[in-house]
Amino acid sequence: MKILGIESSCDETSAAVISSSENKITLLSNVVTTSLPLHAATGGIIPEVAAREQIKYILPVIDQALQNANIKNNSIPDIDAIAVTVGPGLIGSLLVGVETARTLSYIWKKPLIPVNHLFGHIYANWIYSDLIGTDTRDPQLTTDYYFPAIALVVSGGHTDLALMKSHENILWLGGTRDDAAGEALDKIGRLLGISYPAGSAIEKLALLGNPKAYSFPRPMIGSDDFDFSFSGLKTAVLRLVRSINNITEQDKENICAATQTAIIDVLTAKTIKAAEKYQAKSIVLGGGVAANQTLKTNLSQKAQELNVAIFIPPKNLCTDNAAMIAAAGFFKNQKIPWQEIVPNPELYFD
Ligand code: KG4
Ligand code: ZN
């Protein structure tokens with residue numbers, strides 16, 4: 001079975017083809033383009049600008065993904081379904097992907113699979129790829145062995161914990177009450193003059209700084225739930241930055257190190273607490289912030305102490321991409337006729 005995935009929920013435009021055979025999902029192509037440089041110039045995403053860029057990129061990206069997968073594109077491509085992100089995301093951006101998928105479904109007579117972007121981030125862990133080449137774990141569809149699993153989706157828009165009892169039974173445990181972890185990093189980066197998105201630059205600066213130079217709050221780290229809150233941390237950094245007359249490069253590095261540590265401490269504590277409570281056999285990570293090496297190292301260490309397996313997608317599958325959407329489409333596999341697909345910017349775990 002071959003699935004064409006389409007992702008356009010925010011500022012990335014992506015198309016990918018996966019093939020499921022011999023009990024594993026193989027990535028045949030994954031083309032990602034982004035309008036990020038435009039948003040870096042304005043310090044954040046302007047939805048209207050992102051949607052216009054989606055329109056520009058969507059067809060060339062799909063065309064390229066089909067070509068890279070060696071699927072003929074001069075008539076009807078050899079695919080079995082089209083999986084597309086229906087939400088959550090920016091409505092203008094979502095509409096471009098959904099309407100394109102709907103049109104292709106109608107013309108090619110291929111079923112559509114609506115995909116929740118959050119499940120996409122989780123299912124980035126179920127992709128095996130020679131293209132990526134770093135994956136050595138035993139793949140894949142036999143992963144019942146790894147359930148129950150705790151999924152941490154941590155990105156610019158989301159910080160959520162979910163309990164995966166099976167592919168059919170995914171239960172939301174908690175999420176951020178205000179800023180997402182990536183959003184907090186991006187906003188703190190802005191205070192420090194770091195261009196958007198700041199997560200990766202903060203990680204580099206943090207390596208040079210002293211995480212103990214400042215003691216920032218770890219909001220809700222001990223709360224009796226699986227919720228998060230990062231806006232207080234942002235305010236603490238704002239106050240500190242205002243109190244320093246002339247911020248040196250060393251101050252910046254220290255602030256980045258202390259901020260990143262505070263965020264990672266909370267993410268790690270809550271994820272491990274969920275793994276303990278639900279006696280998880282594995283932890284799966286997803287989302288742009290999961291590209292952070294310190295988070296990966298800390299969480300892996302704690303998971304190992306608990307004797308829980310941990311899966312983290314390669315960097316290019318942590319950030320938004322269509323391969324993860326196609327993979328989630330494979331597992332969710334709720335095919336619908338083209339007339340029924342509707343984008344939903346507010347979509348949550350369901
Ligand atoms: O998953 P993603 O590409 O888009 C959303 O769905 O939001 O995540 C983007 C977020 C941004 O907030 C960015 O700052 C953060 O991921 N990010 C990182 C790193 N790389 C990207 N955060 C921490 N460390 C990184 N290496
Ligand atoms: Zn995302």
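All ligand and atom numbering here is 1-based and tracks the order in the structure. Counting begins at 1 with the first residue of the sequence.
- Closest to atom 22 (N) of ligand 1 among all protein heavy atoms lies G199 CA, 3.4 Å.
- Looking at P197 next to ligand 1, no N or O pair under 3.5 Å apart turns up.
- The protein heavy atom nearest to atom 6 (O) of ligand 1 is D320 OD1, 3.2 Å.
- Residue T319 approaches ligand 1 through these ligand atoms, each under 4.0 Å from one of its heavy atoms: 3 (O).
- Ligand 1 places these atoms under 4.0 Å from at least one heavy atom of H117: 6 (O).
- Each protein N/O/S atom under 2.8 Å from the Zn ion (ligand 2) was counted, for a total of 3.
- Among all protein heavy atoms, the one lying closest to atom 12 (O) of ligand 1 is D186 OD2, 2.7 Å.
- Checked options K56, E7, Q54, E53; the residue passing with T13 is Q54 (criterion: side-chain hydrogen bond (donor to acceptor under 3.5 Å, both in side chains)).
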Where do F119 and F331 land on the ring-ring contact (aromatic ring centres under 6.0 Å, His included) test, with the steps shown first?
-> CA-CA 10 Å; F119 290 155; F331 283 101; over 10 Å; no

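- For atom 24 (N) of ligand 1, the nearest protein heavy atom (residue, atom name, distance) is N292 ND2, 3.1 Å.
- In this structure, S200 is part of the shell of residues with a heavy atom less than 4.0 angstrom from ligand 1.
- Distances below 4.0 Å separate heavy atoms of G288 from the following atoms of ligand 1: 1 (O), 2 (P), 8 (O), 16 (O), 17 (N), 18 (C), 19 (C), 20 (N), 21 (C).
- The salt bridge (charged side-chain N to carboxylate O under 4.0 Å, His left out) contacts involving residues 176-197 comprise R177-D225, R177-D227, D179-K187, D179-K234, E183-K187, where partners must be two or more places apart or lie in separate chains.
- Note that CG of L267 is 5.5 Å distant from CG of L152, once rounded to the nearest 0.5 Å.
- Rounding to the nearest 0.5 Å gives a distance of 8.5 Å between CE of M324 and CD1 of I127.
- Of all protein heavy atoms, the one lying nearest to atom 15 (C) of ligand 1 is V289 CG2, 3.9 Å.
- For K302, the NZ atom counts as loosely surrounded, since its 6.0 Å shell holds 12 or fewer non-hydrogen atoms of other residues, nucleotides or ligands.
- With a 6.0 Å radius and a threshold of 12 heavy atoms from other residues, nucleotides or ligands, R52 has its CZ atom at or below the threshold.
- Taking a 6.0 Å sphere around CG of N169, one finds it holds more than 12 heavy atoms contributed by other residues, nucleotides or ligands.
- Ring centroid separation for the pair H167 and Y123 comes in under the 6.0 Å cut-off.
- For the residue pair K270 and S223, a side-chain donor N or O sits within less than 3.5 Å of a side-chain acceptor on the partner.
- Open room surrounds CD on Q304; 12 or fewer heavy atoms of other groups in view lie less than 6.0 Å from it.
- Less than 4.0 angstrom separates some heavy atom of L185 from each of these atoms of ligand 1: 22 (N), 23 (C).
- The closest protein non-hydrogen atom to atom 10 (C) of ligand 1 is G156 N, 3.4 Å.
- Using a 4.0 Å cut-off to heavy atoms of H121, the atoms of ligand 1 that qualify are 1 (O), 6 (O).
- Residue G182 has at least one heavy-atom neighbour below 4.0 Å for each of these atoms of ligand 1: 12 (O).
- Looking at I202 and T259, their side chains never come closer than 4.5 Å, going by heavy atoms from C-beta outward.
- Side-chain atoms of L317 and N30, non-hydrogen and from C-beta on, do get closer than 4.5 Å to each other.
- Residue Q279 qualifies as open at atom CD: its count of foreign heavy atoms under 6.0 Å is 12 or below.
- Closest to atom 26 (N) of ligand 1 among all protein heavy atoms lies E203 OE1, 2.7 Å.
- Listed by number with element, the atoms of ligand 1 under 4.0 angstrom from any heavy atom of G157 are 7 (O).
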